[in-house]
Amino acid sequence: MIHHLQKNNYHVLIEGSVAQSIKIKGIAIHSLTEIGELADLAIVVGGDGYMLGAARVLACYDIGVIGVNRGNLGFLTDLSPDTVISQLDAILAGKSYDEQRFLIEAEVYRHGKLKSSNSAVNEAALHAGKVANMIEFEVYIDGTFMFSQRSDGLIVSTPTGSTAYSMSAGGPILTPNLNALSLVPMFPHTLTSRPIVVDGDSEIKLILANENYENLQVSCDGHVILSVMPGDEITIKKSEHTLRLIHPMDHDYFNVLRNKLSWGNKLY
């Protein structure tokens with residue numbers, strides 16, 4: 001792919017760790033942030049995990065992002081390795097369309113002071129540091145008390161993340177164009193607790209009970225871990241940054257769901 005782009009007179013920048021792996025001489029090596037600042041298009045080769053890591057950085061810049069799927073599911077990586085050259089040529093010729101995906105920001109406050117924060121493309125999940133360890137917390141939406149809960153935690157998911165961890169926990173699938181967030185309880189100690197979808201512009205606040213164990217965490221996309229203490233407040237809201245995904249013209253979200261989730265095809 002790199003040789004093909006260079007042959008067609010495109011200026012290729014490559015991220016440092018990738019450059020060490022493939023060892024191509026005479027190519028410009030840059031950090032991911034520098035690529036975001038300098039490039040017009042970022043091509044992420046790997047699975048959704050690689051795409052998520054790159055997306056949290058690249059969303060801060062005005063750059064289109066497209067993925068080549070080398071993983072398992074590949075909800076965010078459209079291009080197939082078998083046909084990547086022809087698909088990429090079509091995209092570079094303008095035969096593509098953009099889609100904006102919003103991110104969320106998770107912030108941890110202790111005694112009114114911001115202790116840590118990070119962004120997430122898929123979800124921010126509150127959970128205990130140990131498996132099957134129940135915690136207690138309250139949930140507020142835009143300052144209004146929603147519910148208190150004793151459970152293994154709570155997943156706050158974007159539409160992009162609705163086919164990831166949230167779906168595994170029984171959450172709803174949200175189409176990417178929705179301005180919405182889903183709140184999915186993790187093994188709640190009640191039979192009446194169900195996932196709920198709220199407006200995407202809502203501010204979600206989680207207040208940890210003082211009686212909790214100390215080893216608590218907020219996980220952003222399963223990659224970045226924020227430490228949480230009993231009594232802390234966690235604020236989750238839409239980020240000011242969006243991820244600009246580039247899709248081939250024949251991209252069909254529902255076709256992706258059918259293929260990845262083994263849904264039934266048309267009968268007639």
Side-chain angles (χ1 to χ4, degrees), residues 47-56 59 65 67 71-77 99-108 116-128 135 137-142 146-147 149 151-188 190 193-208 216-226 228 233-245 253-254 256-257 260-261 263:
D48 282 345
Y50 284 99
M51 173 63 88
L52 290 173
R56 285 195 300 273
V65 181
N72 294 317
L73 284 175
F75 278 101
L76 293 174
T77 49
E99 183 185 36
Q100 299 287 343
R101 301 285 186 96
F102 73 82
L103 285 70
I104 52 177
E105 293 283 342
E107 300 175 333
V108 178
S116 59
S117 66
N118 216 293
S119 60
V121 179
N122 274 353
E123 77 281 312
L126 168 68
H127 57 92
I135 59 178
F137 56 92
E138 294 179 342
V139 180
Y140 293 77
I141 304 293
D142 293 327
M146 189 178 194
F147 58 75
Q149 189 171 95
S151 67
D152 280 10
L154 184 74
I155 301 169
V156 179
S157 171
T158 67
T160 300
S162 67
T163 51
Y165 192 27
S166 169
M167 184 180 72
S168 299
I173 294 177
L174 307 177
T175 55
N177 59 322
L178 288 176
N179 180 31
L181 293 168
S182 64
L183 280 67
V184 183
M186 299 167 62
F187 305 104
T190 172
S193 183
R194 292 291 182 268
I196 185 169
V197 178
V198 300
D199 189 280
D201 293 319
S202 301
E203 180 182 272
I204 301 166
K205 181 182 288 186
L206 313 178
I207 301 180
L208 279 296
L216 305 174
Q217 299 174 343
V218 171
S219 173
C220 297
D221 290 339
H223 292 176
V224 181
I225 303 297
L226 308 179
V228 181
E233 295 185 4
I234 302 156
T235 299
I236 301 170
K237 57 186 177 183
K238 183 188 290 186
S239 171
E240 62 180 11
H241 302 296
T242 59
L243 173 65
R244 181 159 66 93
L245 285 179
Y253 177 72
F254 294 109
V256 172
L257 291 183
K260 305 301 182 183
L261 303 180
W263 285 2

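What you see is a predicted model; the values in this text were computed from it and never measured. Computation of the quantities below employed the complete heavy-atom set of this structure, encompassing side-chain atoms and omitting hydrogens, waters and symmetry-equivalent molecules.
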Discussion item. Suppose we screen for side-chain hydrogen bond (donor to acceptor under 3.5 Å, both in side chains). Which residues come up paired with S116, at least two apart in sequence or across chains?
Written reply: none
Between atom [atom1] of [X] and atom [atom2] of [Y], what is the distance when rounded to the nearest 0.5 Å?
| X | Y | atom1 | atom2 | answer |
| --- | --- | --- | --- | --- |
| T190 | F147 | OG1 | CZ | 11.0 Å |
| H127 | S219 | NE2 | OG | 4.5 Å |
| Q217 | I225 | CD | CD1 | 5.0 Å |
| Q149 | L206 | CD | CG | 10.0 Å |
| K237 | E240 | NZ | CD | 9.5 Å |
| L208 | I234 | CG | CD1 | 4.5 Å |

Worksheet item: Between V197 and P172, is any pair of side-chain heavy atoms under 4.5 Å apart?
Response: yes
Worksheet item: Are the side chain of T158 and the backbone of V121 linked by a donor-acceptor contact shorter than 3.5 Å?
Response: yes
Item to complete: Please check if the side chain of S202 supplies one atom and the backbone of I204 the other of a donor-acceptor pair under 3.5 Å.
Response: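 Flag not set: sc S202 to bb I204 has no pair under 3.5 Å.
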Discussion item. I'd like to know whether I135 forms a side chain to side chain contact (heavy atoms under 4.5 Å, CB included) with L126, so could you lay out the CA-CA distance, the side-chain angles of the two residues, the decisive distance to 0.1 Å, and finally the verdict.
Written reply: CA-CA 9 Å; I135 59 178; L126 168 68; 3.8 Å; yes
Item to complete: Step by step, work out the side chain to side chain contact (heavy atoms under 4.5 Å, CB included) result for V65 and M51.
Response: CA-CA 9 Å; V65 181; M51 173 63 88; 3.7 Å; yes
Discussion item. Working note: F75 + L261, criterion side chain to side chain contact (heavy atoms under 4.5 Å, CB included); need CA distance, chi angles, decisive distance, verdict.
Written reply: CA-CA 10 Å; F75 278 101; L261 303 180; 3.8 Å; yes
Which pair of non-hydrogen atoms, one from [X] and one from [Y], has the smallest distance, and what is that distance?
| X | Y | answer |
| --- | --- | --- |
| L178 | F102 | O-CE2, 3.8 Å |
| C220 | L226 | SG-CD1, 4.4 Å |
| A124 | I236 | CB-CD1, 4.0 Å |
| E123 | A120 | O-CB, 3.3 Å |
| L103 | A55 | CD2-O, 4.4 Å |
| G161 | N122 | CA-OD1, 3.3 Å |

Worksheet item: Taking only residues two or more places apart in sequence, or in another chain, which ones meet F187 in a side-chain contact (heavy atoms from CB on, under 4.5 Å)?
Response: D152
Could you pull out all residues at least two apart from [X] that satisfy salt bridge (Lys or Arg N to Asp or Glu O under 4.0 Å)?
| X | value |
| --- | --- |
| R56 | D221 |
| E233 | K205 |
| E99 | R101 |

Item to complete: If a pair satisfies side chain to side chain donor-acceptor pair (under 3.5 Å) and one of its residues is in residues 162-187, list it, with sequence neighbours excluded.
Response: T175-N177, N179-D201, N179-K238
